[in-house]
Structures are given as C-alpha cells and as structure tokens.
Number of protein chains: 2
Amino acid sequence: MFNLHCSMGRTKLVMKKIEDPTSRQQFYSKRKDTILKKSNELAVLCDVDVGLLMFSPAGEVTSYSSKESLEDVMLLAMNKAGELNKRSPENPNEQPLTEILTQSKHEGKMVEKIAIVESHEEKLNKLKESLSEAQQKIRYYEPQVENINSVQEADAYEKFIRSAMELIQLSKAKLLGGQEFFQRNENVAVSFVNTEDMAAAGTSRGRMY
Amino acid sequence: MFNLHCSMGRTKLVMKKIEDPTSRQQFYSKRKDTILKKSNELAVLCDVDVGLLMFSPAGEVTSYSSKESLEDVMLLAMNKAGELNKRSPENPNEQPLTEILTQSKHEGKMVEKIAIVESHEEKLNKLKESLSEAQQKIRYYEPQVENINSVQEADAYEKFIRSAMELIQLSKAKLLGGQEFFQRNENVAVSFVNTEDMAAAGTSRGRMY
DNA sequence: CCGTCTATTTATAATTC
DNA sequence: TGAATTATAAATAGACG
C-alpha cells in the first residue's frame, strides 16, 4: 500500500526503518547533507524562505533556515496562518485571497494525486487482464505436454495451432505469386482442403474455445 | 571557493536567483517535491523527526513533519537546546498553529499519495514489460498476413509455429501409445523432419527480420 | 501552461582498499 | 574501521508538443 522503495545506487531500499544502528546513522549523515544542500539550493535559486529541522538517530539536532534563524521562518508561517484566520466581520462572504489560494491548492493537489492513483489502479487492472489473456493464449500455443491428458485435449490445441500455420501458408502462397496453392518446403509439407477453415482461423483471434 | 553551481540535468545552474518568474516557479515546484520526498525518506528510514517549511515564490506555504504537526517538531528542538533560541519571540504562541498543523497533515497525506503513485508506476512498468513480451510471442503465432512481406519472414513465422505443432503431435503420439508419430487429420497433413528447426525457432524470439 | 522525453549530472548502495 | 571507488538509480535542465 505504500512506497516500497527509495533511493539511487546499486539497489533500491525498502521504505522501512533501517534496523542496524550503524547503517542507520551512516545513512542519516549522508542523506541529511543532501537535504540540506537541496534546501539551500531551493532557497537561493528561488529566493524563498525555507526552514528545516532534522534529528539524528542519536537525537542531535540539525537545522537550516534561509533566514537568520529557523524561528524567523516559523514566525513567517505563523503569521501566514494567522492571516488566514482573519475574516472581515462585516463581509463574511469575502474570504481572504491567500486562504483561497493556499487551501484550494492543497485540496487540488490531493484530488489530483488521488485521481492519478485511481487511474493507475485502472490501468493496472486492464494490463493484468490483457496479460492474463495473452498468457492464456500462449498456453494454447505452447502447451505443457505433461498437462495434456487426453487426445481430445491435444486435438483442441492442435486445431488452434493449425489455424496459425494455415495463415502462414496462405501468406507464403500469396507472396510466391498465388500460383501454387499447395506449397512445398524443404522439410514440411502442408496441404489445405478448403478455405472455410482459413476464414474461421482468421477470425478466431481474441477468443479461445 | 564555494559551490557556484548546482543540479543535475543538461547543464549546471548558477547558484543565484532565477530571474524569470515562470522558470523560478517551475523550478520551485519540482525541487519542493523532491525535498519533501527525501525528507520523508529520511524520517522513515532512520526513524527520526524531521520538520520542513518552504515558501513558494508566490508565498504559498508547504510544510512537512514526521510528527503530527510541525509545531511538535519545533518544540522538540526548542526543548533540546538554546541553539534555536537566539531570539525569544516577543509574542510567544499568541496564535495557535492550527493552520500549520492542518497543512502538515495535508502534506503528510500528499507524501503518502505520491508514494502510492510510485509503487503503482513500478508495478505498471513490470506488467507492461510482461505483456509486451507475451504479445510479441503471440505475434509469432498469429502473424498479420498483411504485414508479412517476404517468404523469408513467413518462413521464420512458420518455423516458430511448427515447434508448437510438434509439441502437440508428440503429446498425441504419446497418448496414443507412441506408435504413430506422423499424424493424419481430416484436412491437413503435417510432417516434421528434424528438431534443429525447433531449437532455432525457439531462440529467434524478440526480433524479426 | 503542463506533461513527456532525453541527455546529463547527482546521489548513493555496495564494494573495495 | 572508514574513506575512496564503482556501478546503478534518481533527479533534473532543456527541448518539444
């Protein structure tokens, strides 16, 4: 139900607490630096305020802020939040623009993500279906000999495969000029009797029997 | 001396404010998501507390915290040491941070959603691969006559299909007591010569000529 | 404006020294 | 053990639609 993996490098990691303390601390140190670096890049390149707090597995605090102190950034956010609380009492209908912007953006994104998840679920199911269908079909063409228990069953498989063979033979005949309908190959001879079977074979695609 | 550049991709960027507002906003959006994701990874993999606050160029606040609220993380840090207490806020907690708390929850859910999307994408890709493989195989068995342009091509298909037929014939022969290897059917006769072709057909999958 | 693609750079897990 | 190396995955800038 959740993201199982993350990260680059030789292999992917499971999104789950690293149990070995040494590895965990090592991991933390590296990743912490990267996040710090990227936070700083964001703050500088976009000229925005960023505040960051991280606790190491040992409890050591690392903080970053684009302003003098992290508190300044927090206060900014608090003020922002406070602004959102202000409503003009005389005009209850009049919502502060900032509130509309921020809230709707959040909601919008949530809805968007949920939509993506749903669409993926749909795609997944369709794909699974297609795959299962395709694999079923392949079972007809590549039957497991040990699973065939009767001549009738074998005949059913054979019929199916024969339609494919007929298609090819037909194709070859056409390519050779359509003159010799009965083809002879180095090591295989196939003869056809009527075209009904061919037609039937041609339309038998998609559904099995 | 210092890091004058940053980033991956086609070129390096100068560590300086992006002047074009559109580019800046675009840059912010992408990078913000990455930092959120990585912060979450750090929190989960290392089982530590992380708090993050980012302002967009437009002033929109994005927050993340591994705890219920960013406030919790902040308080943790404040209790930890005076490191962050350079300035004691003149209006301490005059405004409860309910808004931030709410936003944190939103972001937390966002992270979760993003994770789901990613795991789905992974599954999707795997399925697509399997399906494409299966369909490729089926193309050998159900060639589109109109797409076969040479006898050589037709021969390749034929060999492939023949191996399936041989399997069936073999199976039938066994079921019938292994006496008649050459089967005769109502309207089609197929004879086999050697098994080399089968092997060849079996390995020729993937690419046609 | 927003997604997609691709070449390139970064980040980094595993491994080596 | 831990710093350096290597192989691999992720991030992402720029281009295109």
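Just so it is clear, the model here is predicted, and its values are computed rather than measured. So you know, we letter chains A, B, ... as the sequences are listed, proteins then strands, and number each from 1.
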Is B:K37 near enough to D:dA11 that one of its side-chain N or O atoms lies under 4.0 angstrom from OP1 or OP2? yes
Pairs under 3.5 Å (N/O, protein and nucleotides 14-17 of chain D):
residue: D:dG14; atom: OP1; partner: B:T11; partner atom: OG1; Å: 3.1

Given atom NE2 of A:H5 and atom P of D:dA10, what is their separation to the nearest angstrom? 10 Å
Whole-Å distance, B:L36 CG to D:dA11 P, equals 13 Å
Using whole Å, what does the distance between atom C1' of nucleotide D:dT12 and atom CD1 of B:I35 come to? 13 Å
Round to a whole Å and report the spacing from CG of A:L42 to C1' of C:dT10. 17 Å
Distance, rounded to the nearest Å, where B:L45 contributes CG and C:dT12 contributes P: 11 Å
If you count the non-hydrogen atoms of other residues, nucleotides and ligands that lie under 6.0 Å from NZ in A:K16, is the total more than 12? no
Whole Å only: how far is the CD atom of B:E41 from the P atom of D:dA10? 10 Å
Tell me: CZ of A:F27 to P of C:dA14, nearest whole Å? 10 Å
Side chains of A:L53 and B:V50: does their closest heavy-atom pair fall under 4.5 Å? no
When the distance from CE of A:M15 to P of D:dA10 is rounded to whole Å, what number comes out? 13 Å
Using only atom types and a distance under 3.5 Å, with no angle test, would you say the side chain of B:Y64 pairs donor to acceptor with the backbone of B:L36? no
Quick one: on DNA chain C, does B:Q26 or B:K38 contact a more 5' nucleotide (nearest heavy atom)? B:Q26
Is there a donor-acceptor pair closer than 3.5 Å between any side-chain N or O of A:S29 and the backbone N or O of A:Q25? yes
I'd like to know if A:E158 and A:R162 make a salt bridge, using a cut-off of under 4.0 Å between side-chain N and carboxylate O. yes
NZ/NE/NH1/NH2 to OD/OE distance under 4.0 Å, B:D47 and A:R24: no
